Amino acid sequence: MSRFIVGEDRQQVTLLPECLDDYIAEDNTVRVVDAFISELDMVGMGFEGANPALTGRPSYHPAVMLKVYLYGYLNRIQSSRRLERECQRNVELMWLTGRLSPDFKTIADFRRDNSVGIRNVCSRFVTLCRDLKLFSQAVVAIDGSKFKAVNSRDCNFTNGKIDKRQQQIEESIQRYLVALETADRTQPSELKAKTQRLQDKIARLRHQMRELDTIKEQLKTQPDGQISRTDPDARSMATSGKGSGMVAYNVQVAVDAKHHLIVAHEVTNAGSDRAQLSPMAQAARQAMGRRKLRAIADRGYFSGLQIKACEDADIAVVLPKPTTSNVKAEGRFDKADFIYIKKDDEYECPSGQRAKFRMVTEERGMMTRRYWSSACPKCPLKAQCTPSDYRSISRWEHEEVLEAVQRRLDRSPDSMTVRRRTVEHVFGTLKSWMGYTHFLTRRLPNVSAEMGLNVLAYNFKRVLSILGLEGMMKAMKLAAA
């Protein structure tokens, strides 16, 4: 063993054991974790058990449990069983908890029972970032991503899935019946094993058919036409891959464009992003303490009502309009080829004719004005315009709001690049930390708590990277003062 660094003898007894604090360097991240959580008002944050009962066995203080979880998520240890083992062997966790070793059930119950408190801690950290002037640009990027739930696709049912599965079962039963008939004709009477196996398979398939019929009746009472057996709140959602999908939750985030901090987040079980623009933008504006805000999103968020709600709240949104019409592909004029004349409330068509206002209709809760020209039947460009007798143009009563969005997008063509580099990296990081697997918890409140811990850990690491450990410790002391 010469010429190698040699460790101490395991049987060596020390007269004065070293202090546990000596094992933790001054620049260790756990010191910042301890400083941040120690200054939180756990009662005001809404944590259960912050005011201990006068009777019964004493419980662990919520601050201790929160330190365990924040440390775990900072180090990609999300499982309660793994955290239990780390509390017994990890020196940093021993220092953080004062050598306490809660069991996995206690750790898991804390996350399950304190969804509100965990979300409030996330908000408190964002407030700290705001006080540190980290949100100097009032610009956020908004996006959503599907995170897989515990529920598998086989345990999620819709009418379409049930019909397809029942058809497969019927085909299997018919195939087994034919095989059974063949076995009865050709098999010796003393060898009945194959016949019995086929009969058992047919009985199991018929039992599955009855179960699917029961589920089909239950679907009639579900407003969204879905049932998930393992996690009742999870929903089947389409993903970007063609023909693909998963049983998941839709995680919405609003990310600061300068430092890429998550200023607001929400976990929903709605598969579409279309109704999420205004709630996320307003939550981001409130969290950043801004009177006005610029929000960038992708075309999946385009909704006239949502954009109008943002405009009313002094939030300037930038997003492209999706192409829903097929007229351009068919070689005909698109609505963009018609010029609106505001002073006359008319449209000028490509042939120079005027389409005048004719009537008002209601479409999906939106008041729409309809325009067309009397010259359409004799127009020389009619074949390039419409196969109908008249080309009708629709205009929403708040169409100028959508036109303002398009002008903002035209003035800042790099907005979609800013959105992509701001928010896509955040989702990639979160999914990497989770191991590209599903949530560990079930039901929407518990999944929200789990995502809240991920967001808190992400923001914690970002601020630590921006300010450094010394700067962050100073920030904690100022916040406490």
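Counting from 1, the numbers follow the sequence of the chain as shown. The shown structure was predicted, so the numbers you read here are calculated from the model rather than taken from an experiment.
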Measure the spacing between CZ of F157 and CD1 of I227 and express it to the nearest 0.5 Å.
8.5 Å
Under the 3.5 angstrom rule, does the side chain of H61 hit a backbone N or O of A63 as a donor-acceptor pair?
yes
Can you check whether F110 and Y60 have ring centres sitting under 6.0 Å from each other?
no
Please identify which of these residues, L74, I466, T29, meets the side-chain contact (heavy atoms from CB on, under 4.5 Å) condition with K461.
L74
Determine the interplanar angle of the W396 and H398 rings, folded into 0 to 90°, and report it as parallel if under 30°, tilted if 30 to 60°, perpendicular if over 60°.
perpendicular
Within 45 degrees of the ring normal and closer than 6.0 Å to the centroid, is that where the cationic atom of R395 sits relative to Y340?
yes
Using the benzene-type ring in the case of Trp, are the ring centres of F338 and Y347 under 6.0 Å apart?
no
Just grab all the salt bridge (charged side-chain N to carboxylate O under 4.0 Å, His left out) pairs involving residues 54-66, residues at least two apart or on different chains.
none
Looking at every heavy atom in both M416 and P320, which two are closest together, and how far apart are they?
SD-CD, 3.6 Å
If we count only N and O atoms by modelled type, under 3.5 Å, do the side chains of E450 and Y249 hold a donor and an acceptor together?
no
Going by distance alone, is a donor N or O of one side chain under 3.5 Å from an acceptor N or O of the other, for Q252 and N250?
yes
Going from CG on L453 to CZ on R119, what distance comes out if it is rounded to the nearest 0.5 angstrom?
11.5 Å
Can you list the residues that meet the salt bridge (charged side-chain N to carboxylate O under 4.0 Å, His left out) rule with R411, with sequence neighbours excluded?
none
Rounded to the nearest 0.5 Å, what separates atom NZ in K67 from atom SG in C87?
12.5 Å
Does NZ belonging to K164 count more than 12 external heavy atoms closer than 6.0 Å?
no
Between V263, V255, I262, which is the residue that forms a side-chain contact (heavy atoms from CB on, under 4.5 Å) with V140?
V263
M288 side, atom CE; Q137 side, atom CD - distance, nearest 0.5 Å
8.5 Å
If you measure only the distance, is there a donor-acceptor pair under 3.5 Å linking the side chains of D21 and W95?
yes
Apply side chain to side chain donor-acceptor pair (under 3.5 Å) to S152 and R229, showing your working.
CA-CA 9 Å; S152 71; R229 283 192 161 181; over 6 Å; no
Backbone of F439 reached by a side-chain donor or acceptor of R442 within 3.5 Å
no
Determine yes or no for a side-chain-to-main-chain donor-acceptor pair under 3.5 angstrom, with N75 supplying the side chain and Y71 the backbone.
yes
Within 45° cone and under 6.0 Å: K431 NZ/CZ vs F147 ring:
yes
For E311, is there an ion pair with R408 - N to carboxylate O distance below 4.0 angstrom?
yes
Show the numbers, then the answer: is there a side chain to side chain donor-acceptor pair (under 3.5 Å) between T214 and Q218?
CA-CA 6 Å; T214 303; Q218 295 173 355; over 6 Å; no
How close do R443 and P232 get, heavy atom to heavy atom, and via which atoms?
CD-CD, 3.5 Å
If I compare all heavy atoms of L409 with all of S415, which pair ends up nearest, and what's the gap?
CD1-CB, 4.4 Å
Run the numbers on D103 and T106 for side chain to side chain donor-acceptor pair (under 3.5 Å), then give the verdict.
CA-CA 6 Å; D103 63 89; T106 303; 2.9 Å; yes
Do K161 and N156 pair up side chain to side chain, a donor and an acceptor below 3.5 Å, judged on atom types alone?
yes
If you apply the rule side chain to side chain contact (heavy atoms under 4.5 Å, CB included), what do you find for R419 with D143, and how did you get there?
CA-CA 8 Å; R419 183 206 67 81; D143 201 3; 3.1 Å; yes
Residue from L277, L402, V317 passing side-chain contact (heavy atoms from CB on, under 4.5 Å) with F302:
L402
What do the steps show when you test Y371 against S392 for side chain to side chain contact (heavy atoms under 4.5 Å, CB included), and what is the final call?
CA-CA 6 Å; Y371 303 77; S392 175; over 6 Å; no
Between S278 and Q282: side-chain donor-acceptor atoms closer than 3.5 Å
yes
If we count only N and O atoms by modelled type, under 3.5 Å, do the side chains of S136 and K258 hold a donor and an acceptor together?
yes
For Q286, look at atom CD and say whether over 12 heavy atoms of other residues, nucleotides or ligands are found less than 6.0 Å away.
no
For the atom pair OG1 (T441) and CZ (R111), what is the distance rounded to the nearest 0.5 Å?
6.0 Å
Quick one: does R294's side chain have a donor or acceptor within less than 3.5 Å of a partner on I315's backbone?
no
State whether a side-chain donor-acceptor pair under 3.5 Å links R274 with S303.
no
Distance only, no hydrogens: is a donor on one side chain within 3.5 Å (strictly under) of an acceptor on the other, for R165 and Q208?
yes
Checking the side chain of D34 only, and the main-chain atoms of V30 only, is there a donor and an acceptor separated by less than 3.5 Å?
no
Quick check on E470: does its CD atom have over 12 non-hydrogen neighbours (other residues, nucleotides or ligands) under 6.0 Å away?
no
Would a distance-only check, ignoring hydrogens and angles, find a side-chain to backbone donor-acceptor pair under 3.5 Å from T230 to V150?
no
Shortest non-hydrogen contact from R31 to A25?
NE-O, 2.9 Å
Going through the distances and angles, do I118 and L456 end up as a side chain to side chain contact (heavy atoms under 4.5 Å, CB included)?
CA-CA 9 Å; I118 290 170; L456 179 60; 5.9 Å; no
Separation between CG (D273) and CG (D298), nearest 0.5 Å, reads 6.5 Å
I need the single residue from T127, V126, N120 that forms a side-chain contact (heavy atoms from CB on, under 4.5 Å) with R124. Which is it?
T127
Set out, in order, the CA-CA distance, both residues' side-chain angles and the distance that settles side chain to side chain contact (heavy atoms under 4.5 Å, CB included) for D314 and R291, then state yes or no.
CA-CA 7 Å; D314 278 339; R291 190 176 65 84; 3.8 Å; yes
Considering non-hydrogen atoms only, spot the tightest contact between L444 and D233 and give its length.
N-OD2, 2.8 Å
Any donor-acceptor N or O pair under 3.5 Å, side chains S101, R89:
no
For A234 versus A149, what's the shortest heavy-atom pair and its separation?
CB-CB, 3.6 Å
Check whether NZ of the Lys or CZ of the Arg R81 lies under 6.0 Å from the centre of the six-membered ring of F104 and within 45 degrees of that ring's axis.
yes
Verdict with supporting geometry, Q276 and Y301, side chain to side chain donor-acceptor pair (under 3.5 Å):
CA-CA 7 Å; Q276 306 298 328; Y301 287 85; over 6 Å; no
Is the backbone N or O of A313 less than 3.5 Å from a side-chain atom of R285, with the two atoms forming a donor-acceptor pair by type?
yes
One pair to check against salt bridge (Lys or Arg N to Asp or Glu O under 4.0 Å): D345 and R369. What are the steps and the verdict?
CA-CA 10 Å; D345 190 21; R369 298 168 67 84; 2.5 Å; yes
